[in-house]
Participant: 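First the structure, which I've put down as structure tokens, then a few questions once you've had a look.
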Amino acid sequence: MLNIRRIDSQRDDIGRAMAELRSKLSPRGDVVSPAGRQRTIEVFGRELTPLEVVARICNDVREQGLPAVLDYNRRIDKAALDSATIRVPADEMAAAHAAARPEYLAAIRRIRDNIAEFQRALLLRDVRIERPGGWLAQRYLPLQRVGVCVPGGAAAYPSSMLMTVVPAQVAGVPEIAVMAPPTRFGAYNPELLAACRELGVDEVYRMGGAQGVAALAYGVEGIPRVDKIVGPGNLFVALAKRHVFGEVAIDSIAGPSEVVVIVDHTTKAEYTAMDLLAQAEHAPGASILIGWDQQVLDAAVAAVEAALNTLDRGPLARQSLEEFGAVILARDSDEACRLTDQIAPEHLHIATADAELLARRISHAGAIFLGNHCPVAVGDYAAGPSHVLPTSGTARFAAGLTANDFLRGNSLLCFTPDGLAHLAADVCLLAGVEGLTAHRASVETRLRGPH
């Protein structure tokens, strides 16, 4: 029987229950599997925390360069690579593309076009306004070079490559370097390589984890440093991105994938079950069900139990549901919306009769999916918005990846003598208040004119 946490807002201390649930989803940096702990001991000779592992790897790469990257590739991923083979050869990418199924490449093109259309629609545009005796402008220029992390441990993820590379291309980034672990699901995966080739990405490196992030951030022999690192990954990738932030920009520090599903009497239980399981199978993945009808919630949980044994990753999904999942009985739809805002989930699926109305009452979510026929998977794979989204409650202040994240803005100011005179009094007054006399003099000397 599924041992998922039950929370009843009328009987339980809802504040305490929500705080405990929130702590499970926080980016503490210690959610690691037993296999991961054992691998740490094998690589480093003793048990280290994930933060300690990441700090050691990043420091080694910074000090030693490519030899450290190759050493960690060998020790962690059992990949014997050298300076000539860490980058995927052009002929191998061409061969993967030539061997790919035509229908697969056609799907890649359709999804690329969907993403590009959406990203172009929201792209920031240059702005110019006129002022008395001058003008002001804001211009947006693309970053020069971006690094993209693509996972490849338990499965291949060409979708993650699409959801990061295409927004960067729409922004006009000229250099895009993809890193994927040297595994059969990573940089040796023909479908991933074919998709890269289809998008025109020819710089793919066989490296993953903290060593890959560090190589992109610091630059090593044969791999120039990047300006920004984006894309999902495991705990060590997330912590490495946090470690190198400041050397480069990053998109986010992502925790386990998560979904909140809000249901009512119109929601089909079998749909809800698969929505919850789709996140749980990420393992770890957090699936939270909220409703105000006990019978609806019970039916959904029963459907989850029935479906678990039919899934390839059923045991992993069960573990995720029992460790990170919850079923919350709210008093009404108002409380369901309030609790959802407290969770601030990465994905929010409102599968109710009045989904659009409820969405207006919820401010904090990375992406919101409305109705019974809009599962999270359509956003994960094909719709258009990037599936790189804020996790661990950061949707309170963060947003999903867009093409605008690959732009940097410059402000431009231009004034004539008359324009300077128009602003001079206010500038000089504030400079005087702050005691910055040279600031004030830089204006006043111009007003007096040359001697």
Participant: May I have all residue pairs that pass side-chain hydrogen bond (donor to acceptor under 3.5 Å, both in side chains) and include part of residues 108-118, sequence neighbours excluded?
Facilitator: R109-E198

Participant: Can you list the steps and then say if S83 with L66 is a side chain to side chain contact (heavy atoms under 4.5 Å, CB included)?
Facilitator: CA-CA 8 Å; S83 60; L66 184 61; 3.6 Å; yes

Participant: Given E203 and R145, is the salt bridge (Lys or Arg N to Asp or Glu O under 4.0 Å) satisfied, shown in steps?
Facilitator: CA-CA 11 Å; E203 194 176 345; R145 181 169 170 80; 2.5 Å; yes

Participant: Taking the side chain from D293 and the backbone from H265, do they hold a donor-acceptor pair closer than 3.5 Å?
Facilitator: no

Participant: Mind checking whether V204 and M93 have side chains closer than 4.5 Å, heavy atoms only?
Facilitator: yes

Participant: On a heavy-atom basis, which atom in R242 and which in L51 lie closest, and how many Å separate them?
Facilitator: NH2-CD2, 3.0 Å

Participant: With distance as the sole test, does D332 use its side chain to make a donor-acceptor pair with the main-chain N or O of D334 at under 3.5 Å?
Facilitator: yes

Participant: Are the side chains of I176 and V226 in contact, using a 4.5 Å heavy-atom criterion?
Facilitator: no

Participant: Would you find a donor on one side and an acceptor on the other, under 3.5 Å apart, between the side chain of E322 and the backbone of N3?
Facilitator: yes

Participant: Salt bridge or not for E247 and R62, using N-O below 4.0 Å?
Facilitator: yes

Participant: Whether the side chain of R139 engages the backbone of G409 through a donor-acceptor N/O pair (distance < 3.5 Å, no angle test) should be reported.
Facilitator: no

Participant: Does R225 count as lying over the ring of Y218, i.e. NZ or CZ under 6.0 Å from the six-ring centre, within 45 degrees of the axis?
Facilitator: no

Participant: With side chains defined as the heavy atoms from C-beta onward, is the minimum distance between P375 and Y271 less than 4.5 Å?
Facilitator: no

Participant: Measuring from atom CZ of R360 to atom CD1 of I350, what distance do you get when rounded to the nearest 0.5 angstrom?
Facilitator: 11.0 Å

Participant: D251 side chain to G231 main-chain N or O, any donor-acceptor pair under 3.5 Å?
Facilitator: yes

Participant: Determine whether S386 and I115 make a side-chain contact, defined as any pair of heavy atoms from C-beta on separated by less than 4.5 Å.
Facilitator: no

Participant: Dump the intermediate steps for side chain to side chain contact (heavy atoms under 4.5 Å, CB included) on L348 and F369, then the final yes or no.
Facilitator: CA-CA 6 Å; L348 170 59; F369 301 79; over 6 Å; no

Participant: Check whether T85 reaches the backbone of L81 with its side chain - one donor and one acceptor, N or O, closer than 3.5 Å.
Facilitator: no

Participant: To the nearest 0.5 Å, tell me how far Q144 CD sits from F406 CZ.
Facilitator: 14.0 Å

Participant: One thing to verify: whether R6 and D298 come together as a salt bridge, which I'm taking to mean a side-chain N less than 4.0 angstrom from a carboxylate O.
Facilitator: yes

Participant: Heavy atoms, side chains only, cut-off 4.5 Å: are V146 and V165 in contact?
Facilitator: no

Participant: Does CD in E356 sit with more than 12 non-hydrogen atoms of other residues, nucleotides or ligands closer than 6.0 Å?
Facilitator: no

Participant: Can a donor-acceptor pair be found, under 3.5 Å and without considering hydrogens, that links the side chain of D405 to the backbone of T402?
Facilitator: yes

Participant: CD1/I229 to CZ/F245 distance, rounded to the nearest 0.5 angstrom?
Facilitator: 11.5 Å

Participant: Measuring only between side-chain heavy atoms, which start at C-beta, is V54 closer than 4.5 Å to L235?
Facilitator: no

Participant: Within this structure, what is the NZ-CG distance for the pair K228 and L216, rounded to the nearest 0.5 Å?
Facilitator: 14.5 Å

Participant: Take atom CD in E103; do more than 12 heavy atoms of anything else shown fall under 6.0 Å from it?
Facilitator: yes

Participant: So, D341 and R361, do they make that salt bridge, N to O below 4.0 Å?
Facilitator: no

Participant: Work out which heavy atom in A303 is nearest to a heavy atom in A269; give both atom names and the distance.
Facilitator: CB-O, 3.6 Å

Participant: Can you tell me how far CD1 of I76 sits from OG1 of T40, rounded to the nearest 0.5 angstrom?
Facilitator: 8.0 Å

Participant: Verify the distance criterion only: is there a donor paired with an acceptor across the side chains of Y72 and D60 at less than 3.5 Å?
Facilitator: yes

Participant: Heavy-atom count check: over 12 atoms from other residues, nucleotides or ligands less than 6.0 Å from Y140 OH?
Facilitator: yes

Participant: Does a side-chain heavy-atom distance below 4.5 Å link L199 with R197?
Facilitator: no

Participant: Please step through side chain to side chain contact (heavy atoms under 4.5 Å, CB included) for the pair S287 and F324, ending with a clear verdict.
Facilitator: CA-CA 7 Å; S287 301; F324 299 107; over 6 Å; no

Participant: Do V213 and V244 have side chains that get closer than 4.5 Å, going by heavy atoms?
Facilitator: yes

Participant: CD of E52: more than 12 outside heavy atoms within 6.0 angstrom?
Facilitator: yes

Participant: Take R206 and T183, measure what side chain to side chain donor-acceptor pair (under 3.5 Å) needs, and give me the verdict at the end.
Facilitator: CA-CA 8 Å; R206 288 178 168 138; T183 64; over 6 Å; no

Participant: Using every non-hydrogen atom in the two residues, find where L192 and A180 come nearest and quote the distance to one decimal.
Facilitator: CD2-CB, 4.0 Å

Participant: Working to the nearest 0.5 angstrom, can you tell me the gap between L389 CG and T391 OG1?
Facilitator: 9.0 Å

Participant: Output yes when a side-chain donor or acceptor of D354 lies under 3.5 Å from a complementary backbone atom of L357, and no otherwise.
Facilitator: no

Participant: What heavy-atom pair brings A336 and I290 nearest, and what distance separates the two atoms?
Facilitator: CB-CG2, 3.7 Å

Participant: How close do A171 and A403 get, heavy atom to heavy atom, and via which atoms?
Facilitator: CB-O, 3.3 Å

Participant: Taking E258's backbone N and O only, do any of them form a donor-acceptor pair with H347's side chain (distance below 3.5 Å, no angle check)?
Facilitator: yes

Participant: Which atom pairs, donor and acceptor, lie under 3.5 Å between side-chain atoms of residues 155-164 and protein residues at least two apart or in another chain?
Facilitator:
unit_1, atom_1, unit_2, atom_2, d
S160, OG, H387, NE2, 3.1
T164, OG1, S160, O, 2.7
T164, OG1, M161, O, 3.1

Participant: Could you list the donor-acceptor pairs under 3.5 angstrom formed between side-chain atoms of residues 272-282 and any protein atom two or more places apart in sequence or on another chain?
Facilitator:
unit_1, atom_1, unit_2, atom_2, d
T272, OG1, K268, O, 3.3
D275, OD2, H349, ND1, 3.0
Q279, OE1, S257, OG, 2.5

Participant: Measure from the side-chain N and O atoms of N404 to the backbone N and O of L124, and report whether any donor-acceptor pair falls under 3.5 Å.
Facilitator: yes

Participant: Could you please spell out the steps behind the side chain to side chain contact (heavy atoms under 4.5 Å, CB included) verdict for R5 and L321?
Facilitator: CA-CA 8 Å; R5 180 172 185 167; L321 288 168; over 6 Å; no

Participant: Does atom CZ of R184 have more than 12 heavy-atom neighbours, drawn from other residues, nucleotides or ligands, at distances under 6.0 Å?
Facilitator: no

Participant: Which atoms form the tightest heavy-atom contact between C58 and A210, and what is the distance?
Facilitator: SG-O, 4.2 Å

